[in-house]
Peer 1: 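Quick one: structure below, then a few questions.
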Amino acid sequence: MIEKKLTPFEQIGEDTLYRLVDTFYSLVAQSPDLAPLFPNQFSEIARKQKQFLTQYLGGPPLYTEEHGHPMMRARHLPFPVTPTRARAWLSCMRQAMDLIGLDGPVREEFYARLYLTAQHMINTPDDGEISGEIRE
């Protein structure tokens, strides 16, 4: 008998994923590099992030059903996503993962995917810097 491999969404679970997003945005709200990019009210952006990450991790296509194709890079082009902001975003996500206790291989795989996504979202160099890959 062939055993079905769980998707990352199934491994993490909806409740844990939603706690991660809520924790993440509480950290974003405190980040001097990120907070200025977001409205003071995070509930709608967190709701969309939950939909997107559910789909991104192999769960139901909630984001696409409501908003169409994610086109994340195009949706982020109006905002100056610099290497510094990408690092801050990743730092908030890493801290959120720590705070909710997400660990193990699923965390490593998820974070690796998020790292690549953060790289892809960079659309503006830091002042005086040539754009390129961010380093941690």
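Everything numeric in this text was worked out from a predicted model, so none of it was measured.
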Peer 1: Roughly how far apart are Phe24 CZ and Ile45 CD1, rounded to 0.5 Å?
Peer 2: 9.5 Å
Peer 1: Which pairs with one or both residues in residues 11-29 pass side-chain hydrogen bond (donor to acceptor under 3.5 Å, both in side chains), sequence neighbours excluded?
Peer 2: Asp22-Lys50
Peer 1: Would you name the heavy atoms of Ala74 and Pro78 that are closest together and state the gap between them?
Peer 2: O-CD, 3.7 Å
Peer 1: Side chains of Asp126 and Thr84: do they bring a donor and an acceptor to under 3.5 Å?
Peer 2: yes
Peer 1: Between atom CE of Met71 and atom CG of Leu77, what is the distance when rounded to the nearest 0.5 Å?
Peer 2: 10.5 Å
Peer 1: Quick test of your reading: applying salt bridge (Lys or Arg N to Asp or Glu O under 4.0 Å), list the pairs with at least one residue in residues 64-76, sequence neighbours left out, ordered by first then second residue.
Peer 2: Arg47-Glu66
Peer 1: Kindly assign one of parallel, tilted or perpendicular to the pair Tyr111 and Tyr115, based on the angle between their ring planes and the thresholds 30° and 60°.
Peer 2: tilted
Peer 1: Say you draw a straight line from NZ of Lys4 to CG of Leu6; how long is it, rounded to the nearest 0.5 Å?
Peer 2: 6.0 Å
Peer 1: Can you tell me how far apart CZ (Phe110) and CG (Leu102) are? Round to the nearest 0.5 Å.
Peer 2: 7.5 Å
Peer 1: Can you name the closest pair of heavy atoms from Ala118 and Trp89 and give their distance?
Peer 2: CB-CE3, 4.4 Å
Peer 1: Closest approach of Cys92 and Leu27, non-hydrogen atoms and distance?
Peer 2: O-CD1, 3.3 Å
Peer 1: How close do Met97 and Leu20 get, counting heavy atoms only, and between which atoms?
Peer 2: N-CD1, 3.6 Å
Peer 1: Judged by atom type as modelled, is there a donor-acceptor pair below 3.5 Å linking the side chain of Arg113 to the main-chain atoms of Tyr56?
Peer 2: yes
Peer 1: With a 3.5 Å distance limit and no angle check, can you tell me whether Asn123 reaches the backbone of His76 through a side-chain donor-acceptor pair?
Peer 2: yes
